Amino acid sequence: MTLTWTPLTPKIGAELQINAAELLDGSHAEEIRALLVQRGVVIARGIGFDDEQQRSFTRTLGELRLGRAKGPDDSGLLKVSMDRRVNPDYAEYFAGTFFWHIDGTYETIPPFATVLSPRVLPPEGGQTEFANTYAAYEDLPADEQRYLETLQAVHTMQATMFPAVPDAGLEDFKVWMDYPQPTYPLVWQHKSGRKSLVMSTSASHVVGLHPVDSHALLTRLMAHATSDDYVYRHRWQLGDLLIWDNTGTMHRARPYDPDCDRVLHRFTLKGEEPISPVAV
Ligand SMILES: [Fe+2]
C-alpha cells in the first residue's frame, strides 16, 4: 500500500495517514526516510507508542545512536525534560534547547534523525519548532549562495549555552570550553548533491571575517532561515509521533511554565555523513 501524507506547510513538514501497526512493521520505512529528507519533519497523530514500540519503529529507519556519556541510557532512550527528578544528569543541558540549533554539532558526524513522542505535556506552551535549512538555502539569490559556499564557521558550546545562561560564571565557561570547537562550512553539500545551510546557535563566528561582519552575517542568515516560510510549529498532543531530519533542519522548544512538567521521549539515529563543503 502506498504511503499517504499531506503537507503541514508549503515548505516543511508532512503528516502521515498511518496507524501504529503499519509504522512498526517497517513496510514503509524507505518511503518515510525519503519523505523525511524531502520535507524535514514527518508526524503522525494518535499513535501512542510505548518506549519499546518507539525504539522498534526507530530501528526500522536506521541504526540507533547509543551510549553517549551524558545522554541516552543503554536502550538509546533519552528523556527530554528540564526536571531533575526525570533527568538528574542532563536537565541543565536542555536550557539550550530554547534556541535554534542542530543536534550533535560536537560530533564528527551529526545524528541523522530523531524520533520524538510526548509523555507529559504542559497545559500551555512547550511546542517544538523546526526550520527547513534546505529550503532556506535554495531560496537565496545565486550570487549569495556562491559566496556562502566559500565560508566556514566555528561552532562552540559557549555560543550554544551563553544565550540560555546569561549569568554564567567562570566555572560554566571552563566546562563549555572543554568541548570541541569544530569548524564547518556554512553550506553543506549532502551525499545526495542537495545543499543546506549549516546554521545553529552554536555558530560562534565566521572564519576570516571581521567580528562585526561575522556577527551581522550569522544574525541575518539565522533570521532568514527561521522566517515564517521555513518554519513548522508542532503543537504536541499525547499519542503523537514526530521525526525530524537533523541534517536539513534546525529546531527549538518554545517556552512553558517551569512549574509544569514536560517530558518527551526520544530515540536518535546515527549520522550517516559528515558536514561536507561544496565541491569546487
Ligand atoms: Fe535539540
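Just follow the structure's listing: the first ligand is 1, and inside any ligand the first atom is 1. In what follows, every heavy atom counts, from backbone to side chain, and hydrogens, waters and symmetry copies are set aside. Residues: numbered from 1 along the sequence shown. All of these numbers come straight from a predicted model, not from anything done at the bench.
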Q: Can you tell if the side chain of L35 reaches within under 4.5 Å of the side chain of L3, non-hydrogen atoms only?
A: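 Side chain of L35 against side chain of L3, heavy atoms only: contact under 4.5 Å found.
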
Q: Hey, does Q127 have a side-chain heavy atom less than 4.5 Å from the side chain of H234?
A: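 Of all side-chain heavy-atom pairs linking Q127 with H234, none is under 4.5 Å.
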
Q: So, with waters excluded, how many protein N/O/S atoms does the Fe ion (ligand 1) have closer than 2.8 Å?
A: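 For the Fe ion (ligand 1), protein nitrogen, oxygen or sulfur atoms under 2.8 Å: 3.
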
Q: Going by an N to O cut-off under 4.0 Å, is there a salt bridge joining E63 and K270?
A: yes

Q: Who are the side-chain hydrogen bond (donor to acceptor under 3.5 Å, both in side chains) partners of D245, not counting sequence neighbours?
A: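 Partners of D245 by the side-chain hydrogen bond (donor to acceptor under 3.5 Å, both in side chains) criterion, ordered by chain and then number, come out as T247.
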
Q: Could you tell me whether D229 and K11 make a salt bridge, using a distance below 4.0 angstrom between a side-chain N and a carboxylate O?
A: no

Q: Give a yes-or-no answer on whether the side chains of D213 and H215 include a donor-acceptor pair shorter than 3.5 Å.
A: no

